[in-house]
Amino acid sequence: MENKVVLFNTLTRKTEQLVPRTDGKIGMYTCGPTVYHFAHIGNLRCYIMEDILEKTLRYIGYDVKRVMNITDVGHLSSDGDTGEDKMLKGAKREHKTVMEIAKFYTDAFFSDCAKLNIKRPDVVEPATNCIDGFIEMVQKLLDTGYAYVAGGNVYFDTSKLENYYVFSGQSEQELMVGVREDVGEDSNKRNKSDFVLWFTKSKFDNQELKWDSPWGVGYPGWHIECSCIGIRHLGEYMDIHCGGVDNIFPHHTNEIAQSEAYLGHAWCSYWFHVHHLNEKGGKKMSKSNGEFLTLSLLEEKGYNPLIYRFFCLQSHYRKPLEFSYEVLDNVGVAYDKLKKRVQSLAGDGETEEQKFSEYRARFEGALCDDLNTSMAITVIYDVLRDEMNDATKRALIQSFDEVLSLSLFVAEQQKGEADKELEAYVLEKLEERKAAKKEKDFAKADAIRDELAAKGVQIKDTREGTVWSMR
């Protein structure tokens with residue numbers, strides 16, 4: 001490939017040129033959601049940046065295969081091997097089965113992704129589809145001496161590895177940044193850092209999802225699923241593994257340990273981690289406090305989801321990003337101005353090939369430099385300021401939006417379509433209300449007024465008839 005992509009590799013703590021194992025092809029894995037609740041906007045920042053990475057690689061000519069798991073079993077509420085199962089927690093909270101919870105929140109997650117223009121991965125695999133694969137992998141680890149059975153559970157023996165803390169030789173204390181302290185102790189473990197591959201004995205007597213295994217009826221540990229799903233769909237070697245910085249330890253550390261023990265060789269070359277979105281004051285955004293910011297909440301407050309995407313792209317993925325409504329308001333104004341300016345460009349005329357090539361190279365260069373999205377956006381503004389003709393500007397920005405996915409040209413059309421749908425709906429309701437008043441069914445007329453008000457539509461009766469406006 002002519003384009004040289006440079007990424008920061010968490011495994012080596014260095015910025016390195018991306019060199020895939022197979023020329024022109026990229027095998028990419030992203031840790032998917034645990035579908036026990038809505039994703040908060042901090043989670044979604046990670047998926048936005050992974051989406052940008054995938055689209056950048058495709059844009060410059062790579063053939064990308066991206067795989068994502070769905071954790072619908074086995075993810076515990078602590079970052080170790082203790083705590084309440086998140087899926088069971090969600091089922092208890094909503095008085096539903098675990099699979100009902102999984103289906104609802106998987107759909108909700110991909111609905112959020114669609115609103116944010118996040119491309120669906122080529123492969124999406126729920127953990128519950130792969131139980132046989134988990135069992136096969138655990139059995140091989142037992143057969144080769146990397147795992148042991150104790151207290152009814154199967155554990156990975158980290159003492160068998162020369163270097164368990166693979167992320168640049170950092171200590172456990174250094175890697176525990178952002179990880180909870182409620183890890184607790186498990187008397188079955190031979191070593192403090194050992195982790196569960198398969199549970200048959202746990203404190204969850206009413207665990208809903210269990211399967212037969214050579215070690216008894218039970219369920220997989222959280223870490224095994226990503227290793228198995230990644231190997232199943234991408235083979236024995238993976239180019240890029242993505243996730244949030246809070247996954248570095250223990251989740252990704254454990255993935256590497258069990259995968260390389262199972263395969264007998266190095267597994268993944270590049271590890272791409274997105275930093276936290278923080279609440280005002282620097283506190284990491286999480287779901288643990290009960291109330292958390294979701295994309296739906298932003299929509300209820302009147303924000304276009306793509307304003308949040310634009311907000312995320314103005315910061316580097318390896319820097320913490322602080323959220324506030326004041327900043328989001330400013331980003332919203334900038335987004336609307338940019339969209340209006342872009343949509344005013346005329347489409348007539350010939351594309352100036354030299355200018356097109358020059359600016360496309362600058363745009364690619366920004367993204368290939370460790371995914372510098374803020375610089376890529378700067379290139380858009382530079383295009384708009386340039387004296388080239390509108391046709392060239394339009395062609396360039398349409399090309400850039402294949403990666404940035406800000407709907408700079410289609411948003412107004414979609415808004416216009418939405419406005420027409422709203423107008424048709426309001427006029428229909430006003431006719432129903434007029435008929436209800438004529439029949440002296442004032443309760444129905446009031447109910448229609450309330451229904452419209454709930455959608456932000458204000459109506460006023462005048463001598464000339466009923467008029468309406470948006471609040």
Side-chain angles (χ1 to χ4, degrees), residues 41 44-45 47-49 51-56 58-59 112-119 277 295 298-299 301-317 319 321-349 351-352 355-369 371-419 470:
I41 60 173
L44 293 170
R45 180 197 185 193
Y47 295 112
I48 288 170
M49 300 315 299
D51 179 65
I52 290 286
L53 175 59
E54 178 188 358
K55 287 174 179 173
T56 294
R58 292 181 186 276
Y59 187 73
D112 284 348
C113 288
K115 292 173 184 176
L116 289 164
N117 286 345
I118 296 171
K119 177 183 174 294
L277 178 73
L295 194 65
L298 295 186
E299 287 184 288
K301 292 180 179 292
Y303 294 100
N304 179 341
L306 293 181
I307 291 173
Y308 178 66
R309 184 179 177 100
F310 194 43
F311 166 71
C312 290
L313 299 191
Q314 294 186 17
S315 175
H316 196 269
Y317 75 91
K319 293 181 179 178
L321 181 59
E322 186 171 286
F323 175 86
S324 74
Y325 285 111
E326 181 182 3
V327 173
L328 198 63
D329 286 338
N330 292 334
V331 171
V333 171
Y335 175 73
D336 289 340
K337 285 183 177 179
L338 175 61
K339 188 172 58 177
K340 186 175 181 180
R341 177 72 183 90
V342 165
Q343 291 177 357
S344 71
L345 295 171
D348 299 332
T351 301
E352 299 175 42
K355 286 286 188 179
F356 186 92
S357 298
E358 174 190 333
Y359 276 102
R360 172 152 177 156
R362 284 182 55 189
F363 181 73
E364 289 183 8
L367 291 173
C368 290
D369 183 13
L371 221 64
N372 192 336
T373 51
S374 61
M375 183 57 67
I377 290 169
T378 297
V379 176
I380 292 181
Y381 287 104
D382 289 344
V383 166
L384 291 172
R385 284 191 289 264
D386 196 287
E387 294 183 357
M388 72 184 93
N389 66 33
D390 278 9
T392 308
K393 293 179 180 181
R394 191 176 185 90
L396 279 165
I397 296 171
Q398 284 177 328
S399 175
F400 298 166
D401 213 30
E402 293 174 23
V403 179
L404 301 179
S405 300
L406 293 168
S407 295
L408 294 174
F409 290 93
V410 301
E412 283 303 310
Q413 179 184 350
Q414 292 171 345
K415 182 176 182 295
E417 291 171 356
D419 288 346
M470 297 301 297

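In this chain, residues are counted from 1 in sequence order.
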Can you measure from [atom1] ([X]) to [atom2] ([Y]) and round to the nearest 0.5 angstrom?
X	Y	atom1	atom2	result
I397	T392	CD1	OG1	11.0 Å
C312	I307	SG	CD1	12.5 Å
D386	E352	CG	CD	8.0 Å
L338	Q343	CG	CD	9.5 Å
L404	L367	CG	CG	6.5 Å

Using side-chain heavy atoms (C-beta onward) and a distance below 4.5 Å, is [X] in contact with [Y]?
X	Y	answer
V403	F363	yes
S315	R45	yes
K337	V333	yes
E322	L277	no
Y335	N304	yes
M375	T378	yes
T373	Y317	no
Y303	D329	yes

Without swapping roles, check the side chain of [X] against the backbone of [Y] for a donor-acceptor pair under 3.5 Å.
X	Y	answer
T56	I52	yes
Y308	I41	yes
R309	K115	no
K355	N389	no

Quiz item: Angle class for the F311/F323 ring planes (parallel below 30°, perpendicular above 60°, tilted otherwise)?
Solution: perpendicular
Please find the pair of heavy atoms, one from [X] and one from [Y], that lie closest to each other, and give the distance.
X	Y	result
K55	E402	CD-O, 3.7 Å
Q314	I377	CG-CD1, 4.1 Å
K393	V383	CE-O, 3.3 Å
T351	A395	OG1-CB, 4.3 Å
A366	A376	CB-N, 3.7 Å
D390	S344	OD2-O, 4.4 Å

Ignoring hydrogens and angles, state whether a donor on the side chain of [X] or [Y] is under 3.5 Å from an acceptor on the partner side chain.
X	Y	value
S374	N372	yes
Y47	D112	no
S407	N117	yes

Practice problem: Apply side-chain contact (heavy atoms from CB on, under 4.5 Å) to V342 and D401, showing your working. | Solution: CA-CA 11 Å; V342 165; D401 213 30; over 6 Å; no
Practice problem: Let me see the working for F356 and M388 under side-chain contact (heavy atoms from CB on, under 4.5 Å), right down to the final yes or no. | Solution: CA-CA 9 Å; F356 186 92; M388 72 184 93; over 6 Å; no
Quiz item: Should the pair R360 and Y59 be classed as cation-pi, given the thresholds of under 6.0 Å to the six-membered ring centre and 45° from the axis?
Solution: yes
Quiz item: Stepwise, does the side-chain contact (heavy atoms from CB on, under 4.5 Å) test hold for L328 with L298?
Solution: CA-CA 10 Å; L328 198 63; L298 295 186; 4.1 Å; yes
Practice problem: Kindly determine whether I380 and L408 satisfy side-chain contact (heavy atoms from CB on, under 4.5 Å), including the steps that lead there. | Solution: CA-CA 11 Å; I380 292 181; L408 294 174; 4.3 Å; yes
